[in-house]
Amino acid sequence: MFKVIRVEETLFEENKKIAEEVKEILNKRRIISFNVMGAPGSGKTLFIERTIETLRNEYKFGVIEGDIEGDFDAEKFRKFDIPVIQINTGGACHLDANMVKNGILNLPVEKIDILFIENVGNLVCPAEFEIGNDINIVVSSITEGENKVLKYPLMFKVSHICILNKIDLLPYIEFDFEKFKKDIEKISPETYLIKLSSKSGENFNEWIEYLRKLKREKRE
Amino acid sequence: MHELSVVNNLIKVLDRICKENNAKKVLKINIRVNPYSCLDEENLNFIFLSIVKEKEIYRDAKIEIKKTLNPEEREYVVENIEIEV
């Protein structure tokens with residue numbers, strides 16, 4: 001006999017449950033947490049470094065670094081004398097909630113106000129997995145071209161903030177900012193777009209002010 | 001790329017549902033995803049078959065992915081499965 005069985009179950013049930021646990025741990029401590037995503041080389045690490053450099057006397061930071069291999073990026077944060085956890089996904093193309101939870105359990109959460117979780121460089125898979133953080137950031141650099149929004153719509157759709165990075169290279173690179181902006185408004189009108197350069201610091205203050213505002217809102 | 005984790009979770013769900021319903025064979029698995037999701041149907045079927053090839057009950061199953069119109073739905077949802085009992 002042939003039968004259709006109604007299931008209606010999510011395939012990420014387990015991941016979702018663990019993401020909720022992560023969220024609870026972070027919320028209890030009023031830690032504001034960012035999942036920083038973007039293509040390899042878009043400048044995620046330098047973006048986080050400059051943020052910490054700018055605000056290190058104001059807030060206490062923690063970083064979870066996700067990479068397939070190596071701890072080059074984690075190494076960069078050690079100079080700030082802040083808690084850093086390197087997660088090597090061992091081939092997996094994204095961080096999942098369980099990896100992040102294990103990372104958090106090894107962090108002194110009582111000493112952290114702001115947590116950055118740097119995801120594996122990839123515009124596809126990280127967008128599909130909740131990891132229990134508050135705010136998703138996609139870092140996209142002008143060197144990647146203006147078509148990224150339409151090519152990887154889910155990534156921009158799930159991101160609350162889009163950092164358009166490397167604007168100091170504008171004199172050397174053709175980049176249609178109006179198109180990029182229009183595409184974001186179309187795909188994800190709620191995404192807050194900030195263009196800046198993490199290297200030269202151009203317009204970096206807009207992000208810093210926005211971060212302060214988010215932190216205040218989290219406290220209330 | 002993330003299809004492997006999806007397949008592993010799918011098998012867990014299927015094992016349970018099949019046991020509950022005394023299924024002899026699974027013929028079709030209907031999955032619903034976000035319209036922007038990058039889950040690839042062909043790739044998913046390939047990985048699924050590679051993993052379950054030893055299991056008689058799943059060997060002829062075909063996974064079909066349907067994209068919803070709701071971009072807010074970030075989950076991959078198994079809507080229903082068609083089985084032989």
Side-chain angles (χ1 to χ4, degrees), chain A residues 1-19 35 37 40 68 89-99 119-132 136 138 148-159 183-184 186-191, chain B residues 1-40 43-44 47-48 57 60-61 63-85:
Chain A
M1 201 176 61
F2 175 78
K3 250 171 133 178
V4 178
I5 309 288
R6 197 182 127 86
V7 183
E8 284 298 324
E9 271 184 47
T10 161
L11 286 176
F12 290 155
E13 197 53 47
E14 218 164 309
N15 189 67
K16 213 175 154 183
K17 255 188 245 156
I18 300 173
N35 178 7
M37 299 176 281
I68 292 178
T89 61
C93 46
H94 59 271
L95 289 176
D96 64 30
N98 198 38
M99 298 178 201
N119 218 311
V120 179
N122 178 339
L123 281 171
V124 185
C125 314
E128 310 253 16
F129 290 83
E130 284 181 39
I131 54 172
N136 292 335
V138 55
K148 285 291 173 289
V149 183
L150 296 184
K151 281 185 173 173
Y152 303 93
L154 185 66
M155 177 54 81
F156 290 86
K157 182 83 210 158
V158 301
S159 293
D183 289 344
I184 287 200
K186 194 171 101 195
I187 297 281
S188 181
E190 304 82 26
T191 301
Chain B
M1 294 208 262
H2 49 282
E3 275 78 2
L4 183 61
S5 20
V6 174
V7 167
N8 283 332
N9 288 343
L10 175 64
I11 292 173
K12 273 188 221 159
V13 172
L14 288 178
D15 282 347
R16 197 185 70 242
I17 303 274
C18 286
K19 206 171 155 197
E20 284 168 11
N21 292 281
N22 297 316
K24 281 203 199 86
K25 227 171 184 13
V26 177
L27 302 171
K28 209 168 146 215
I29 301 149
N30 290 305
I31 296 178
R32 185 173 78 224
V33 303
N34 175 306
Y36 298 121
S37 173
C38 301
L39 194 65
D40 180 64
N43 197 346
L44 196 63
I47 295 174
F48 181 73
I57 180 166
D60 299 317
I63 303 171
E64 216 171 277
I65 295 179
K66 185 174 82 184
K67 298 213 165 182
T68 62
L69 296 174
N70 178 11
E72 302 310 320
E73 187 164 32
R74 252 179 99 186
E75 308 289 334
Y76 298 158
V77 178
V78 183
E79 276 193 336
N80 59 56
I81 60 171
E82 302 176 15
I83 57 168
E84 240 176 61
V85 286

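Residue numbering restarts at 1 for every chain, and letters A, B, ... go by the order of the sequence lines.
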[X] versus chain A, the contacting section by heavy-atom distance below 4.5 Å:
{"X": "Ile17(B)", "value": "side chain"}
{"X": "Lys25(B)", "value": "neither"}
{"X": "Leu39(B)", "value": "backbone"}

**Item:** chain A contacts, top residue of Arg16(B), Glu20(B), Lys28(B), Lys24(B) (heavy-atom pairs, under 4.5 Å)
**Value:**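 Option with the greatest count: Arg16(B).
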
**Prompt:** Just wondering, are more than 12 heavy atoms of other shown residues or ligands nearer than 6.0 Å to NZ in Lys67(B)?
**Reply:**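 Count over threshold, so yes.
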
Can you name the closest pair of heavy atoms from [X] and [Y] and give their distance?
{"X": "Leu11(A)", "Y": "Asn9(B)", "answer": "O-ND2, 2.7 Å"}
{"X": "Val7(A)", "Y": "Val13(B)", "answer": "CG1-CG1, 4.2 Å"}
{"X": "Tyr36(B)", "Y": "Leu154(A)", "answer": "O-CB, 3.6 Å"}

Checking heavy atoms, do the side chain of [X], its backbone, both or neither come under 4.5 Å from chain B?
{"X": "Lys3(A)", "answer": "both"}
{"X": "Phe129(A)", "answer": "both"}
{"X": "Ala127(A)", "answer": "backbone"}

Side chain proximity check, [X] to [Y], heavy atoms < 4.5 angstrom:
{"X": "Glu13(A)", "Y": "Lys12(B)", "value": "no"}
{"X": "Asn30(B)", "Y": "Val4(A)", "value": "no"}
{"X": "Glu8(A)", "Y": "Glu79(B)", "value": "yes"}

**Item:** salt bridge (charged side-chain N to carboxylate O under 4.0 Å, His left out) partners of residues 119-131 of chain A, not counting sequence neighbours, each pair once
**Value:**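 Residue pairs with at least one partner in residues 119-131 of chain A: there are none.
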
**Gap between atom OH of Tyr152(A) and atom SG of Cys38(B) - 0.5 Å precision** =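 Those atoms lie 8.5 Å apart.
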
**Prompt:** side chain to side chain contact (heavy atoms under 4.5 Å, CB included) with Ile5(A): which of Val85(B), Val78(B), Ile83(B), Val26(B)?
**Reply:**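 Between Ile5(A) and the candidates, side chain to side chain contact (heavy atoms under 4.5 Å, CB included) is satisfied uniquely by Ile83(B).
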
